[in-house]
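Right, one structure below, let's go through it.
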Amino acid sequence: MKPELVEIVVNDDRRYLPCSGLVSLAEVLRDELQLTSVKVGCSEGTCGACTVILDGEPTLACLTPAVACDGGSVRTVDGPGELQDLQCALQDALCEADAVQCGMCIPGIVVLVSSLISQGEIRVAEDIPRALIGSICRCSGYSRIVSVIEQVLASQPPTSRGTP
Ligand code: FES
Ligand code: FES
């Protein structure tokens with residue numbers, strides 16, 4: 001079957017990508033655009049490693065058919081955009097705290113957490129464990145990761161933590 005040309009804005013660049021059948025958004029981002037920050041840990045929606053922002057919402061790219069994203073907008077941890085400062089702050093703090101081991105889970109967690117902080121879904125430290133429930137760290141680095149998120153959350157002005 002001839003691949004369908006799908007239009008997706010990826011990190012502010014408009015792309016026309018050949019997609020066939022049920023090829024996932026994660027595969028297209030990695031294989032067609034070399035955005036290997038989009039990790040594929042399980043391919044079945046249980047680890048969170050493939051999380052990207054699709055039309056403003058955290059989305060599991062491994063479960064999302066690329067053809068379903070036609071006309072949509074995707075952001076990965078690589079991209080510019082309104083979450084960039086927060087993403088950079090999280091990445092820097094994770095590295096400084098030695099909270100990154102193999103790194104497989106980190107891009108997905110950074111994308112997810114920065115989005116949830118900006119949407120007001122993570123407002124206080126107690127919100128963090130619930131937010132990470134779908135993010136599996138195989139290296140079991142949760143305590144450092146959670147501490148870093150707490151630290152970055154505390155450094156954010158209340159206005160950047162979503163509307164009350
Ligand atoms: S690779 Fe998508 S949730 Fe695990
Ligand atoms: S740092 Fe290895 S999976 Fe989280």
Side-chain angles (χ1 to χ4, degrees), residues 3-4 6 8-11 15 17-79 81 83-84 86-119 121-122 125-153 155:
E4 191 176 330
V6 170
I8 311 176
V9 175
V10 182
N11 295 333
R15 304 289 192 153
L17 300 161
C19 303
S20 52
L22 288 178
V23 65
S24 72
L25 177 60
E27 289 171 276
V28 168
L29 292 173
R30 288 178 59 85
D31 299 343
E32 297 290 334
L33 300 179
Q34 286 73 53
L35 289 172
T36 53
S37 69
V38 181
K39 304 298 185 195
V40 177
C42 68
S43 294
E44 56 184 28
T46 57
C47 76
C50 63
T51 303
V52 298
I53 306 298
L54 173 62
D55 295 331
E57 295 298 327
T59 300
L60 297 176
C62 74
L63 292 186
T64 305
V67 291
C69 305
D70 193 25
S73 170
V74 172
R75 287 195 186 281
T76 69
V77 77
D78 319 87
L83 297 179
Q84 192 180 31
L86 193 45
Q87 288 182 346
C88 288
L90 280 164
Q91 289 175 87
D92 290 348
L94 284 162
C95 291
E96 276 165 26
D98 248 346
V100 181
Q101 295 179 57
C102 80
M104 186 76 174
C105 66
I106 298 296
I109 287 176
V110 167
V111 166
L112 175 72
V113 167
S114 56
S115 172
L116 294 182
I117 290 176
S118 74
Q119 291 180 356
E121 298 287 329
I122 299 177
E126 289 71 25
D127 296 331
I128 297 169
R130 183 171 44 87
L132 291 181
I133 215 153
S135 298
I136 307 296
C137 179
R138 291 166 182 77
C139 304
S140 303
Y142 289 110
S143 57
R144 282 190 191 178
I145 291 172
V146 169
S147 301
V148 166
I149 298 170
E150 280 181 24
Q151 172 196 321
V152 171
L153 180 67
S155 72

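Position 1 is the first residue of the sequence; numbering continues from there. Counting starts at 1 for both ligands and their atoms, in listed order.
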Would you mind reporting whether S135 and L112 have side-chain heavy atoms less than 4.5 Å apart? yes
With a 4.5 Å heavy-atom cut-off, do Q87 and V111 have their side chains touching? yes
Can you list the atoms of ligand 1 that are under 4.0 Å from a heavy atom of C50? 1 (S), 2 (Fe), 3 (S)
What protein N/O/S atoms are there under 2.8 Å from atom 2 (Fe) of ligand 2, waters excluded? C102 SG, C139 SG
4.5 Å side-chain heavy-atom contact, R138 and C105: no
Within the 4.5 Å heavy-atom criterion, are I145 and I106 side-chain neighbours or not? yes
What angle sits at atom 4 (Fe) of ligand 1 between SG of C47 and SG of C42, to 10°? 110°
Would you say atom 4 (Fe) of ligand 1 has C62 as a near neighbour, meaning an N/O/S atom of that residue under 2.8 Å away? no
Under a 4.0 Å heavy-atom limit, does T46 contact ligand 1 with its side chain, its backbone, both, or neither? backbone
For a quick check under 3.5 Å, do D78 and S37 share a side-chain donor-acceptor pair by atom type? yes
When you measure from atom 1 (S) of ligand 1 to every protein heavy atom, which one gives the shortest distance, and what is it? G41 N, 3.3 Å
Just by modelled atom types, is the V6 backbone N or O under 3.5 Å from a matching donor or acceptor in the D70 side chain? no
So the atoms of ligand 1 within less than 4.0 Å of a heavy atom of G45 turn out to be 3 (S)
V77 side chain near V52 side chain, heavy-atom distance below 4.5 Å: no
By number and element, which atoms of ligand 1 are closer than 4.0 Å to a non-hydrogen atom of S43? 1 (S), 4 (Fe)
Any donor and acceptor pair, going by atom type alone, linking the side chain of S114 with main-chain N or O of V110 inside 3.5 Å? yes
Are L132 and V146 close enough that some pair of their side-chain heavy atoms sits under 4.5 Å apart? yes
